[in-house]
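Computed from a predicted model, the values in this text were never measured in an experiment.
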Amino acid sequence: MKKIFFLFITQLTFMLAIAQQNNFIWGVASASYQVEGAYQADGKGVSNWDVYTNKYQVTKAFTKANQTGNVSVNEYDRTQYLKDFALMKQLGVTAYRFSISWARILPQGTGAVNQKGIDHYRLFIKDLKSFGIEPCITLYHWDMPEALQEKGGFTNPDMVGWYENYCNIIFKAYGKDVKLFITFNEPNIDLFFDHANS
């Protein structure tokens, strides 16, 4: 076991050295539902995954227990995420791809904007950059407001306008501070679930 661990550390050190010489972006990634917790905090709306895990308990089929993202690693909490950013910095991470919870910005998917959600991510981005880590926003990582899911989600043609509206809010709020945006994470998986459930 010690030899394997030593080999891993040696390879990691080598890759970091190459990355620093070639302006390689050394990054890590997460999804809002998987790491934020705070599923009912500060005006956040209900997301499809809140329903999947709390109401339908979909994780039981895979883990034999009902597990949710209600608390998770609590990355919504600034004290916690600052510790995480410090660890990222220590590892030599230069970019962090994180997703924004659509339901935290637009609790009903459209309509009124939740200013507390906007402010949370604004501070999150500012703090991340203070560690010298480039923010990369994933606009959609399977985390849809339940209000839109109930209207058919991606099977509803109106989704184009809903998504455009959401993206425009995000670009307006963070476009000056963030250079990198990802539109969808693994859209094939999400579309498979949407079609399977419709």
Side-chain angles (χ1 to χ4, degrees), residues 8 12 15-16 19 24-54 58-59 62-63 66-107 114 116-146 149 163 166-167 169-171 173-175 177-191 193:
F8 171 76
L12 183 61
M15 290 187 320
L16 283 170
F24 182 81
I25 297 174
W26 182 259
V28 294
S30 70
S32 59
Y33 183 77
Q34 296 168 351
V35 299
E36 284 183 1
Y39 82 116
Q40 295 179 322
D42 293 337
K44 178 189 170 290
V46 176
S47 78
N48 55 343
W49 277 96
D50 293 330
V51 173
Y52 295 158
T53 59
N54 287 287
V58 296
T59 58
F62 304 100
T63 64
N66 185 40
Q67 297 176 334
T68 71
N70 296 354
V71 178
S72 189
V73 296
N74 197 25
E75 192 177 80
Y76 187 76
D77 179 71
R78 186 168 186 248
T79 302
Q80 179 59 51
Y81 77 64
L82 289 173
K83 292 176 186 175
D84 295 341
F85 293 170
L87 288 172
M88 291 178 199
K89 177 86 172 172
Q90 187 178 353
L91 287 171
V93 168
T94 57
Y96 179 31
R97 180 175 75 94
F98 60 94
S99 67
I100 290 188
S101 170
W102 187 341
R104 201 175 293 285
I105 300 298
L106 290 161
N114 177 18
K116 288 184 179 180
I118 295 284
D119 294 343
H120 163 73
Y121 290 113
R122 182 172 287 121
L123 182 58
F124 185 91
I125 291 164
K126 180 182 175 185
D127 287 338
L128 184 63
K129 291 178 80 171
S130 75
F131 281 84
I133 300 171
E134 188 72 27
C136 175
I137 291 176
T138 302
L139 295 162
Y140 181 78
H141 192 143
W142 303 2
D143 191 8
M144 180 186 303
E146 177 62 13
Q149 184 69 42
Y163 184 71
Y166 162 66
C167 291
I169 291 166
I170 299 301
F171 296 147
Y174 313 119
D177 298 312
V178 178
K179 299 175 192 170
L180 304 170
F181 290 88
I182 306 289
T183 51
F184 296 96
N185 180 77
E186 300 172 317
N188 56 319
I189 303 296
D190 199 56
L191 292 175
F193 281 123

Are a donor atom and an acceptor atom from the side chains of Ser99 and Ser32 found within less than 3.5 Å of each other?
yes
Under a 3.5 Å threshold, yes or no: a donor from one side chain and an acceptor from the other, between Asn70 and Asn54?
yes
Apply the test side-chain contact (heavy atoms from CB on, under 4.5 Å) to residues Ile169 and Ile118: give CA-CA distance (whole Å), side-chain angles for both, the deciding distance (0.1 Å), then the verdict.
CA-CA 9 Å; Ile169 291 166; Ile118 295 284; 4.0 Å; yes
Salt bridge (charged side-chain N to carboxylate O under 4.0 Å, His left out) against [X], all qualifying residues, sequence neighbours excluded:
X	result
Asp84	none
Asp127	Arg78
Asp119	Arg122

Which residue, Thr53, Asn48, Thr68, Asp143, forms the side-chain hydrogen bond (donor to acceptor under 3.5 Å, both in side chains) with Tyr33?
Thr53
Expected output: side-chain [X] to main-chain [Y] donor-acceptor under 3.5 Å:
X	Y	value
Lys129	Asp177	yes
Lys89	Phe131	yes
Tyr166	Ile105	no
Thr94	Ile25	no
Thr59	Gln67	yes
Ser72	Glu36	no

Determine, stepwise, if the pair Asn188 / Glu186 fulfils side-chain contact (heavy atoms from CB on, under 4.5 Å).
CA-CA 5 Å; Asn188 56 319; Glu186 300 172 317; 3.9 Å; yes
Candidate pair Ser47 and Tyr52, rule side chain to side chain donor-acceptor pair (under 3.5 Å), full reasoning
CA-CA 9 Å; Ser47 78; Tyr52 295 158; over 6 Å; no
Check Tyr140, Tyr174, Phe171 against Phe181 for a ring-ring contact (aromatic ring centres under 6.0 Å, His included) and give me the one that passes.
Phe171
One pair to check against ring-ring contact (aromatic ring centres under 6.0 Å, His included): Tyr163 and Phe184. What are the steps and the verdict?
CA-CA 11 Å; Tyr163 184 71; Phe184 296 96; 4.7 Å; yes
Starting from the C-alpha separation in whole Å, work towards a yes-or-no answer on side-chain contact (heavy atoms from CB on, under 4.5 Å) for Trp49 and Tyr39.
CA-CA 10 Å; Trp49 277 96; Tyr39 82 116; over 6 Å; no
Closest approach of Arg104 and Ala41, non-hydrogen atoms and distance?
NH1-O, 3.7 Å
Shortest non-hydrogen contact from Tyr121 toward Ser101
OH-N, 3.0 Å
In terms of ring plane angle, is the pair Phe85 and Phe124 parallel, tilted or perpendicular, where the classes change at 30° and 60°?
perpendicular
